[in-house]
Amino acid sequence: MEFFGWFGGATVVEIFFNTFLDVVPRWVAFAGGMALYGVVSVVRRLRRPKPLPSPKAQPRGLPAPVGPLFGRDAEVAEVTGRAREHRTVVVRGVAGIGTSALAVAAGWALVPDPERQHYVDLRGQNRSSPESRRSVAERVLRTLGRPLETATSLEEAAREVAAALRNPGHLLLLDNVSRWRQVGWLPRDVPESMIIIAGALDADADDPLPGDVAVVRLGPLEPADGVALLRSMVPDAWIEADPAATRELAVRFLGIPETAVGIGRWLVDNPMVPIATLVTDLAEQGAHDLALQRVLGMRVARMNAAARRLLALLAHAPVAELGIDEIVALTGRPERDAARAMEELCRHGLVDKVRESRYRVTDAARPAVRAPEGRERAAWQDLAEHLADRADYFVERLPAKDARDWFALEDRTLLQMLGGYRPDRGKGGPLWRIADALEMWFAFEQRIEERWETSLALAQAASDLGNQAVQATAELRLCLIALMLGDPGAAERHLGRAERLLTDPDSWPAQMHLARAVTLLARGDEYAAVESSLVRYGQALPGGDVTGRAVLRLDMAVLHVRWGQVCDSQGRKKEARHLYEGAEDLLMRALGGAASAGDTHVEAHVREVLALVHRYQGQEDEALDGWARAAELYERSGDGSGRLRCQVHRAAALPEKRHGEAAELLRSALRRLPPTGVTTALANLHLARVSPASAPERRAAGLTALKPWDGLSEPLQVTELRRRLERLPSGS
């Protein structure tokens with residue numbers, strides 16, 4: 001796909017370093033700002049005419065309990081008792097031991113009302129890598145109906161979880177947890193509700209369970225309980241036919257409930273095979289923990305070729321879980337036949353049916369089938385095409401609820417497909433479409449870390465498949481995201497890679513010139529080079545692009561302001577005033593363009609900068625009103641970062657008698673701002689001014705926010721900001 005055509009998958013991306021500093025000279029007050037836009041029709045369809053409500057908690061009641069749990073009454077009682085006493089309890093055990101079943105049973109005993117149950121299954125789409133802490137935080141917040149933007153800070157996410165669980169009698173169950181680090185950020189004391197954490201929580205010297213956590217460890221079943229479990233599945237006569245063989249089977253192989261169930265299923269399907277024969281066959285395999293794999297392997301060996309092919313496609317697919325429509329795409333079978341085949345595989349214990357009617361091959365069954373080769377891999381291309389088609393459809397429907405629900409369920413599937421599937425060269429189109437849709441979705445949800453992850457995966461996929469145009473687009477996206485994260489060094493590296501991939505500057509798309517202008521401005525005060533890049537941006541804009549012209553005027557206004565600041569610092573007040581007046585004129589024209597294009601997001605940017613110009617001109621009331629209006633527009637366009645910037649602007653401009661209000665605004669913003677960047681540093685400096693007792697802490701946090709500029713050239717504004725922070729009390 002051509003570079004020009006699909007760069008448009010990048011949504012509105014904005015880079016702003018621009019909070020007013022009440023305590024420093026005016027030339028440092030505006031640390032620069034640019035708006036970067038991928039302008040295409042898909043972006044236009046994401047305009048939102050009014051604020052979207054906070055997400056409501058989706059129904060996430062506990063799965064139906066598995067019963068009876070043979071030999072687990074004491075453990076269920078222990079879990080419920082510790083949960084009531086400590087409010088948070090860990091249920092820990094090796095794979096197959098029954099941690100999930102026991103945790104679910106305890107959850108139902110503790111909170112029988114499904115409306116007060118919240119369940120999160122943390123098995124991800126990448127079989128070899130557990131879900132990250134941030135991904136876990138997002139899934140928990142979504143389940144509880146809390147704002148996803150708070151996942152940028154695990155401390156803030158923990159506060160949101162605690163707030164959601166303040167309603168008495170609620171239960172949050174996190175199932176299939178691999179590592180403590182995934183969930184260690186959760187609040188530990190929720191007096192009104194309870195949290196159960198269940199999974200292997202594998203021992204890790206670098207990630208131990210804290211000593212103060214209440215833990216219930218599950219051991220193997222007693223032989224009598226293993227026999228009781230087996231007896232629930234097969235006729236008594238089979239068991240009693242050879243008591244000695246049954247006893248040996250129980251002692252050696254029935255301690256793990258999952259293995260016991262697998263053996264019971266096998267015996268039901270092979271009624272003519274004596275238990276003694278099965279014991280001999282299993283014993284020949286050696287290791288007891290491979291008994292289930294042996295049983296499942298014998299079952300797979302007796303399946304027909306079509307069933308084995310289906311299982312192989314599922315077991316070695318690039319993603320771990322698939323819905324029935326995705327299985328239809330993968331196999332080419334009618335939905336009814338595919339559903340029937342999956343139910344049969346579930347009955348044999350080869351596949352688990354997980355929540356939202358999704359299927360995943362059990363870990364024990366995967367070694368029993370070989371990876372498909374040759375033409376079989378074409379099925380994965382069919383799956384990629386299907387996912388790309390669905391993503392295209394739903395991204396155009398945003399912000400409709402069905403689109404949000406679909407992406408909430410499938411975004412990790414799409415991301416894993418992008419990172420884990422490599423088709424033949426020349427067939428990467430579905431991956432590029434998936435990357436576009438993810439960029440749109442993650443921008444819509446303000447999930448900047450996932451945007452970064454998506455662009456990294458896209459860059460690697462494009463490099464692997466030899467598509468330089470797509471790789472350049474991915475690098476350009478990474479450049480813009482790095483600027484949003486306050487890392488100008490990384491931005492320059494990614495921009496350099498994009499420029500090397502697209503060697504002819506005369507053929508660069510408009511967004512490349514704009515990205516270069518912003519990166520230059522973030523790295524220093526090369527105003528002539530910035531102006532040259534903006535001129536080339538304007539020349540590269542397609543005719544009739546009203547939004548692009550508005551962005552150009554906005555960015556030229558920013559450049560006027562930066563020049564005006566320098567003039568101010570040098571005592572050239574008259575020249576500075578003319579530059580500010582010129583910026584105001586450009587901004588008013590940009591405002592008209594944004595209004596005629598119906599672009600709420602560009603209008604928000606323009607009003608934010610216009611308010612700053614009004615502040616420089618001494619028009620305090622107009623500035624405060626402008627930021628309030630800009631914040632409202634940012635809210636409507638779904639830009640939490642812009643809203644936070646306006647929040648910091650307003651706090652900085654409030655008079656001394658309202659310092660308490662300013663401090664609260666700044667603390668609230670800092671909980672959600674990224675740890676690095678000029679806006680974060682400025683917010684810390686402002687907070688030190690209005691709350692002097694916090695000055696040592698704010699000094700350290702502010703200087704940390706500027707670390708990305710260490711060892712780099714930097715704008716004079718950053719240098720002055722660093723100097724002001726260093727003058728704060730250090731507390732040492």
Side-chain angles (χ1 to χ4, degrees), residues 63-70 95-98 100-101 104-105 121 123 127 175-176 221 226-239 249 253-254 256-273 275 277-278 281-282 290-317 320-328 330-370:
V66 177
L69 294 180
F70 295 95
I97 202 70
S100 296
V104 168
D121 186 340
R123 286 181 293 185
R127 298 183 188 90
D175 201 3
N176 294 300
L221 295 175
V227 171
L229 175 55
L230 188 64
R231 194 182 295 272
S232 71
M233 303 178 67
V234 303
D236 289 348
W238 298 4
I239 294 174
L249 182 70
F253 302 112
L254 301 186
I256 303 296
E258 185 181 26
T259 303
V261 170
I263 288 173
R265 286 169 170 161
W266 190 88
L267 287 171
V268 169
D269 289 342
N270 298 272
M272 303 305 293
V273 178
I275 288 179
T277 302
L278 176 60
D281 288 345
L282 294 178
L290 298 179
L292 180 58
Q293 288 187 19
R294 170 60 177 161
V295 170
L296 295 178
M298 291 189 294
R299 176 164 293 162
V300 170
R302 297 184 59 180
M303 295 168 58
N304 61 49
R308 286 199 302 273
R309 175 182 180 272
L310 171 59
L311 187 61
L313 288 174
L314 294 171
H316 297 281
E321 283 183 11
L322 293 171
I324 193 64
D325 61 329
E326 294 156 354
I327 292 170
V328 168
L330 183 69
T331 63
R333 301 173 68 171
E335 182 174 342
R336 179 180 298 179
D337 292 347
R340 187 180 299 118
M342 296 313 298
E343 293 301 326
E344 183 68 11
L345 292 175
C346 288
R347 188 182 71 80
H348 288 301
L350 300 167
V351 169
D352 286 335
K353 186 175 183 179
V354 294
R355 299 177 63 76
E356 283 104 9
S357 296
R358 297 164 75 83
Y359 299 87
R360 62 187 300 140
V361 176
T362 62
D363 291 340
R366 291 185 67 239
V369 289
R370 295 180 179 178

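Scope of the values below: all heavy atoms of this structure, side chains included, with no hydrogens, waters or symmetry mates.
V273 is not listed as a side-chain neighbour of D281, based on a closest heavy-atom distance of 4.5 Å or more. A heavy-atom distance below 4.5 Å is not found between the side chains of V104 and V66. Between L292 and T362, every side-chain heavy-atom pair lies at or beyond the 4.5 Å cut-off. Put simply, the side chain of L314 does not reach to within 4.5 Å of the side chain of L350, judged on heavy atoms. Looking at V361 and R127, their side chains never come closer than 4.5 Å, going by heavy atoms from C-beta outward.
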Using the side chain to side chain contact (heavy atoms under 4.5 Å, CB included) rule, take L330 and E326 through it: C-alpha gap first, then chi angles, then the decisive distance, then the call. CA-CA 6 Å; L330 183 69; E326 294 156 354; over 6 Å; no
Side chain to side chain contact (heavy atoms under 4.5 Å, CB included) between L278 and M298: does it pass, once the steps are laid out? CA-CA 11 Å; L278 176 60; M298 291 189 294; 4.0 Å; yes
Side chain to side chain contact (heavy atoms under 4.5 Å, CB included) evaluation trace for M233 with R265: CA-CA 7 Å; M233 303 178 67; R265 286 169 170 161; 3.7 Å; yes
Step by step, would you call L221 with L254 a side chain to side chain contact (heavy atoms under 4.5 Å, CB included)? CA-CA 7 Å; L221 295 175; L254 301 186; over 6 Å; no
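Of the inter-residue distances, the one linking I324 atom CD1 with R333 atom CZ reads 9.5 Å to the nearest 0.5 angstrom. Taking CD1 from I256 and CD from E258, the interatomic distance works out to 9.0 Å, rounded to the nearest 0.5 Å. Taking CZ of R360 as the reference point, atom CZ of R123 lies at 5.0 Å (rounded to 0.5 Å). Atom CZ of residue R366 and atom CG of residue L296 lie 13.5 Å apart, to the nearest 0.5 angstrom. With values rounded to the nearest 0.5 angstrom, L230 atom CG is found 6.0 Å from I275 atom CD1.
In this structure, R308 contributes its side chain and M303 its backbone to a donor-acceptor pair below 3.5 Å. Side chain of D352 to backbone of V354: no donor-acceptor contact under 3.5 angstrom is found. Using modelled atom types, one side-chain atom of H316 and one backbone atom of V369 make a donor-acceptor pair closer than 3.5 Å. Q293 places no side-chain N or O within donor-acceptor distance of the main-chain N or O of L290, the cut-off being under 3.5 Å.
Between A368 and G297 the shortest heavy-atom distance is CB-CA, 4.0 Å. Considering all non-hydrogen atoms of both residues, P257 and G96 come closest at CD-O, 3.4 Å. Minimum heavy-atom separation, V295 to G262: CG1-O, 3.6 Å.
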Listed pairs under 3.5 Å, donor-acceptor, residues 334-343 side chains, sequence neighbours left out:
| unit_1 | atom_1 | unit_2 | atom_2 | d |
| --- | --- | --- | --- | --- |
| D337 | OD1 | R340 | NH1 | 3.1 |
| E343 | OE2 | Y359 | OH | 3.1 |

